[in-house]
Amino acid sequence: MFEVNVGKKEVPWSQRKSKFVHIQRGQLGFNQIDWKSTCNVHAICNALEYSGWSLPIDNVYKRAPDSLANFIITECLKENNWFKTKMPVYWHKWYEGQKDAITPLELHDVLAHYVNEWLGCTKADVFHTDLTIRDIIKQLYEKNIAIPTSIAWGGLQGHVITLVGFEATSEKDLNDYLNGYDNNKKASDVITNIIWDDPWGFFDYKTNKYDGTKSGNDNKAPIDFFWNHMKALENKNRKFGHIIAKPAAIV
């Protein structure tokens, strides 16, 4: 068995320890962001740190994911901000406090845009909707970079986790598959399990249930199970993912 795990030596951020809370009040009522809706910033911060980024910490929060959440919300409350300009309907519902409004932390394009602003880089995070399984495996194996992505399972219909690795039958089989030497082989003939860090906790794919009392570090599930629960659910060939860049080298 051959394993790749780009986050093996790291301790992932847990959203259950988040201190970030924001209540947005407006003409339509109020909505709230708390730890339960911060999987996104936690998963992205995991991927960034695993890739070598040094993350900014603000004066209010001492945790990088909370600092990122605070930065995004602060920016989205400014006049003529990017979220308001690019997605005025979503912004208006959230800003005016509609109870079931989609928040800035729940939109992938918004997340990617403000992650780049937070880091002062234009392409630290690029969100894709068309990643193939080969794209994902190459990102992990060849570039050693984790991938934040969306899944739906365990009672969570929109949840972001950090894809950190996989198990394969052998490194030779893996290279043969990636290079297309045997077109008759499916991904599941070579990739046996997918490995991810989950800010919600430990997920048991056999029972489809979470145990929030256990760490979400290095969860594993068969590739077919993972792929079928990865968004967009209706697309069986291409999926969502944030492609993280390596930080600039410093002399």
Worksheet item: Out of Ile44, Val110, Leu55, Asn40, which one pairs with Val115 under the side chain to side chain contact (heavy atoms under 4.5 Å, CB included) rule?
Response: Ile44
Worksheet item: What distance do Asn81 atom CG and Glu79 atom CD have between them, rounded to the nearest 0.5 Å?
Response: 8.0 Å
Under 3.5 Å, which donor-acceptor pairs link side chains of residues 118-127 to any protein atom two or more places apart or in another chain?
from: Asp125; atom 1: OD1; to: His242; atom 2: ND1; distance (Å): 2.9
from: Asp125; atom 1: OD2; to: His242; atom 2: ND1; distance (Å): 3.0

Discussion item. Whether the side chain of Trp91 engages the backbone of Thr103 through a donor-acceptor N/O pair (distance < 3.5 Å, no angle test) should be reported.
Written reply: no
Worksheet entry | Same cluster (ILVMFWY, side-chain, under 4.5 Å), Leu174 and Ile223 | yes
Practice prompt. Report yes or no: does Thr162 contribute a side-chain atom to a donor-acceptor pair with the main-chain N or O of Ala43 at less than 3.5 Å?
Written response: yes
Item to complete: Look only at the side chain of Asp189 and the backbone of Lys185, and say whether a donor-acceptor pair between them is shorter than 3.5 Å.
Response: no
Worksheet item: So which heavy atom on Ser37 is nearest to which on Gln15, and how close?
Response: N-NE2, 4.4 Å
Item to complete: Indicate, with yes or no, if Trp13 and Leu105 share a hydrophobic cluster defined by side-chain heavy-atom contacts under 4.5 Å among Ile, Leu, Val, Met, Phe, Trp and Tyr.
Response: no
Discussion item. Are there over 12 heavy-atom neighbours, none belonging to Phe71, within less than 6.0 Å of that residue's CZ?
Written reply: yes
Worksheet item: Do the side-chain N and O atoms of His128 and Arg238 include a donor-acceptor pair separated by under 3.5 angstrom?
Response: no
Discussion item. Taking Ile33 as the starting point, is it possible to reach Trp35 by hopping between hydrophobic residues whose side chains are less than 4.5 Å apart?
Written reply: no
Worksheet item: Are the charged groups of Asp34 and Lys36 less than 4.0 angstrom apart, N to O?
Response: yes
Discussion item. With rounding to the nearest 0.5 angstrom, report the CD1 to CD1 distance, Ile244 to Ile145.
Written reply: 8.0 Å
Worksheet item: Do Val4 and Met230 belong to the same hydrophobic cluster, where Ile, Leu, Val, Met, Phe, Trp and Tyr are linked whenever their side-chain heavy atoms lie under 4.5 Å apart, directly or via other members?
Response: yes
Worksheet entry | Main-chain N/O of Thr132 paired with Asp135 side-chain donor or acceptor, under 3.5 Å | yes
Response to the item:
Distance col, row Ser215:OG vs Asp197:CG, nearest 0.5 angstrom, shows 7.5 Å
Discussion item. With side-chain contact (heavy atoms from CB on, under 4.5 Å) as the criterion, how do Leu178 and Lys138 come out once you've worked through the C-alpha distance, each side chain's angles and the decisive distance to 0.1 Å?
Written reply: CA-CA 8 Å; Leu178 293 178; Lys138 284 184 175 182; 4.0 Å; yes
Item to complete: Ignoring hydrogens and angles, tell me if any N or O in the side chain of Tyr114 forms a donor-acceptor pair with the backbone of Trp82 under 3.5 Å.
Response: yes
Which donor-acceptor pairs under 3.5 Å do side chains of residues 20-31 form with protein atoms, sequence neighbours excluded?
from: His22; atom 1: NE2; to: Gln24; atom 2: OE1; distance (Å): 2.7
from: Gln24; atom 1: NE2; to: Tyr95; atom 2: O; distance (Å): 3.0
from: Asn31; atom 1: ND2; to: Trp94; atom 2: O; distance (Å): 3.2
from: Asn31; atom 1: ND2; to: Gln98; atom 2: O; distance (Å): 3.0

Worksheet item: Would you find a donor on one side and an acceptor on the other, under 3.5 Å apart, between the side chain of Asn70 and the backbone of Asp66?
Response: no
Practice prompt. Keeping the roles fixed (side chain from Lys239, backbone from Asn235), state whether a donor-acceptor pair exists under 3.5 Å.
Written response: yes
Worksheet item: When you measure from the side chain of Glu49 to the backbone N and O of Asn46, does any donor-acceptor pair fall under 3.5 Å?
Response: no
Fill in: Electrostatic pair Glu75:Lys84 at N-O distance under 4.0 angstrom
no
Item to complete: Please check if Leu48 and Tyr50 belong to a single hydrophobic cluster, counting links between Ile, Leu, Val, Met, Phe, Trp and Tyr side chain heavy atoms closer than 4.5 Å.
Response: no
Worksheet entry | From CD1 (Ile136) to CZ (Arg134), nearest 0.5 Å | 12.5 Å
Item to complete: Give a yes or no on this: more than 12 heavy atoms of other residues, nucleotides or ligands lie within 6.0 Å of atom NZ of Lys62.
Response: yes
Worksheet entry | Pair His108 + Phe240: ring centers closer than 6.0 Å | yes
Practice prompt. State the NE2-CG distance between His229 and Asn208, to the nearest 0.5 angstrom.
Written response: 6.0 Å
Would you list the atom pairs, donor with acceptor, under 3.5 Å between side chains in residues 153-161 and any protein atom, with sequence neighbours excluded?
from: Trp153; atom 1: NE1; to: Tyr210; atom 2: OH; distance (Å): 2.8
from: His159; atom 1: NE2; to: Asp198; atom 2: OD1; distance (Å): 2.7

Worksheet item: For Phe226, which of Trp196, Tyr205, Phe203 qualifies under ring pair (Phe, Tyr, Trp, His ring centres under 6.0 Å)?
Response: Trp196
Worksheet item: If every non-hydrogen atom of Ile57 is compared with every non-hydrogen atom of Ser67, which pair is closest and at what distance?
Response: CA-OG, 3.6 Å
Item to complete: Please round to the nearest 0.5 Å and tell me the distance separating atom NZ of Lys19 and atom OG1 of Thr38.
Response: 11.5 Å
Worksheet item: Would you find a donor on one side and an acceptor on the other, under 3.5 Å apart, between the side chain of Asn175 and the backbone of Glu171?
Response: yes
